[in-house]
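Comments concern the structure below.
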2 protein chains.
Amino acid sequence: MKDKLLLLGVLKQSEMHGYQLYDFIEQNLASCTTLKKPSAYFLLSKMEQEGLVQVVEQRIGNRPPRKVYRLTQAGERLFQQLLQENLSQFTPTVFPGDIGIAFLDQIPIEQGVRLLRKRLQKMQVHLAHLETIPPHRGSASLLIKHQIQHLHNEIQWLREVIADLQEAGNLPQAQKDNEFSHQDSSSN
Amino acid sequence: MKDKLLLLGVLKQSEMHGYQLYDFIEQNLASCTTLKKPSAYFLLSKMEQEGLVQVVEQRIGNRPPRKVYRLTQAGERLFQQLLQENLSQFTPTVFPGDIGIAFLDQIPIEQGVRLLRKRLQKMQVHLAHLETIPPHRGSASLLIKHQIQHLHNEIQWLREVIADLQEAGNLPQAQKDNEFSHQDSSSN
DNA sequence: GGGCGCATGTAATGAGTTACATGATTGA
DNA sequence: TCAATCATGTAACTCATTACATGCGCCC
C-alpha cells in the first residue's frame with residue numbers, strides 16, 4: 001500500500017504516463033521504495049479500476065501510445081488519508097545484514113574481518129555516489145540528506161564492529177598472524 | 001533466502017523445535033527479520049525436504065509432540081555460503097516513511113508538524129524500550145547496539161525535518177505559535 | 001470450566017518479481 | 001543494421017501473510 005501512496009503523490013504533483021512515472025520514481029524516490037516496472041504498471045491499472053485515477057490515451061506521431069494518468073477526487077482523498085497515516089506512523093527498520101553479524105562467531109575472525117571490509121567498501125562507494133547527486137528541490141533533498149546521514153551512521157557502526165572483532169582476535173591467542181596454519185576444533 | 005540463513009544459523013548453535021526456534025528469533029533477532037510463525041514452520045519443512053536439516057520427533061508425556069531440527073552437513077555448507085554472502089553484501093536501506101516526507105508540501109505545515117510529532121513520539125517510545133533490554137551475550141548485543149544507534153540517528157534527523165518545516169512556516173507568516181508553546185531540543 | 005500457553009500446521013490470498021512478448025523510433 | 005530507448009503489458013512463479021484448525025496441559 002506504500003507504493004499506492006507513492007504513485008498517488010507523484011501523480012498529484014503532475015499527471016504522467018507510466019513509463020515517465022517509473023523513471024521519475026527511480027531517479028528521485030529510489031530511497032523510499034523498490035517498486036519495479038511491471039509492478040508499477042500493474043498498480044496503475046488497478047488504481048484505474050478502483051477509480052483513483054483517470055486515464056487519457058495520448059498518441060504522438062507513430063510512437064507507442066501513452067496512457068496519461070491523473071488523480072480523481074477519490075484518488076485525492078485516499079492520498080490525503082494515506083499520507084497522514086504514513087507521516088504519523090513509525091516502522092522500525094529491519095537490517096537483513098545483521099543476520100550475518102549475529103553469526104560472526106561461527107567463522108574465523110580474519111575471514112569475518114575480510115568479508116565485512118568488503119561490505120564496508122560497498123557502503124563507501126554508495127555513499128560517494130549519493131554525495132555526487134546534485135541538490136534536488138523541495139522535500140526530495142530531505143530524502144537524500146536522510147540517506148547520507150544514515151549511511152554515515154552505518155559506516156561508523158560497521159567500523160566499530162570490525163574493530164571489536166579484531167580486538168577480540170588479538171587478546172585470546174596472542175599469536176595468530178602466520179596465515180591460517182591450522183584449523184582447530186571448528187565443526188559443531 | 002535471508003530467513004534460511006537465519007534458521008540455519010540458529011539451528012547450528014543448538015538444535016531446537018519450531019516453536020522454540022520462532023520464540024528465540026522473536027526475542028533475540030527481531031531486528032533482522034519479520035519472519036512470522038507459519039512462515040517459519042513452512043521454511044523448516046521445506047528445508048527438511050531439501051536435506052538441510054534432520055528431524056527427530058520428541059514426545060514428552062502427553063504434551064504435543066515436538067519436531068526437533070538439527071543441521072545436516074549440507075545445511076552446514078549452505079550456512080557457510082549464505083553467511084559469507086550476507087557479510088560481504090550491502091543492501092541500501094529503504095525508508096517507507098520517507099514517502100510521506102516527500103509529499104510534506106501537500107498538506108498544511110501545522111498538520112505536517114503534528115503528524116511528525118506523533119511519529120517522533122513513537123520512535124522515542126521504541127527507543128526507550130530498546131534501552132531497557134538487558135545486554136545479551138555474544139554478537140546479539142551488537143545488534144541491539146545497532147538498533148539503538150540507528151534510532152538515535154533517525155530521531156535526530158526527524159527533529160531536523162520538523163524544525164525545518166516549522167521554520168518554513170514561520171517565515172511567510174511570522175505568527176503561528178500559540179499552540180505548542182515551545183519545545184526545545186532537549187536530549188536525544 | 002475457561003482461558004492462556006504450548007505445539008504444529010493448512011488453506012486462501014495476495015503482493016511483487018522475473019522472464020517474456022511486442023513493436024516503433026533514434027542514434028552509432 | 002544493430003543496439004538502445006521508448007512504451008506497455010502478460011504469465012508464471014516465488015514468497016510470505018492472514019486466518020483458520022487442532023488439541024493437550026496448566027493455572028485460576
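Just so we're on the same page: letters track the sequence lines, and every chain starts at 1.
One can place CD of B/Q20 at 15 Å from C1' of C/dG5, the figure rounded to the nearest angstrom. Following rounding to the nearest Å, A/M47 (CE) and C/dA15 (P) show an atom-to-atom distance of 14 Å. With rounding to whole Å, B/Y69 atom OH is found 7 Å from C/dT8 atom P. Atom-to-atom, CZ of A/F42 to C1' of D/dC13 comes out at 14 Å; the value is rounded to the nearest Å. Straight-line distance from the CG atom of A/L35 to the C1' atom of C/dG16: 9 Å, rounded to whole Å. Residue A/L5 contributes atom CG, which lies 16 Å from atom P of C/dA15 at whole-angstrom precision. For the pair B/D23 CG and C/dC6 C1', the interatomic distance rounds to 10 Å; values are reported in whole Å. Taking atom CZ of residue B/R66 and atom C1' of nucleotide D/dC24, one finds them 13 Å apart after rounding to whole Å.
With contacts defined as side-chain heavy-atom distances shorter than 4.5 Å, the pair B/F95/A/H150 qualifies. Looking at A/Q106 and B/F79, their side chains come closer than 4.5 Å, going by heavy atoms from C-beta outward. Taking the side chain as every heavy atom from C-beta outward, A/Y69 and A/L21 never approach each other to under 4.5 Å. Here the side chains of A/R70 and A/V56 are not in contact, with every heavy-atom distance at 4.5 Å or above. For the pair B/I99 and A/L82, the minimum side-chain heavy-atom distance is 4.5 Å or more.
Within the nucleic acid shown, B/K67 comes within 4.0 Å of sugar-phosphate atoms alone, with no base atom in reach, counting heavy atoms only. Using a 4.0 Å heavy-atom criterion, one finds that B/K2 contacts no nucleic acid atom at all. Residue contacts shown for A/P38 include a base, since a base heavy atom lies under 4.0 Å away.
Proximity of B/K46 to the phosphate of D/dC15: a side-chain N or O atom is located under 4.0 Å from OP1 or OP2. Between C/dT8 and B/Y19, no contact under 4.0 Å exists linking OP1 or OP2 to a side-chain N or O. Not one side-chain nitrogen or oxygen of B/Y41 sits closer than 4.0 Å to the OP1 or OP2 atom of C/dG9.
Along DNA chain C, the nucleotide nearest A/L43 and the nucleotide nearest B/S45 are compared for position; the residue whose nucleotide lies closer to the 5' end is B/S45. Toward the 5' end of DNA chain D, the nearer of the two residues A/H17 and B/K37, judged by each one's closest nucleotide, is A/H17.
Picking from D/dG9, D/dT17, C/dT8 the nucleotide with the shortest atom distance to the side chain of B/K36 gives D/dT17.
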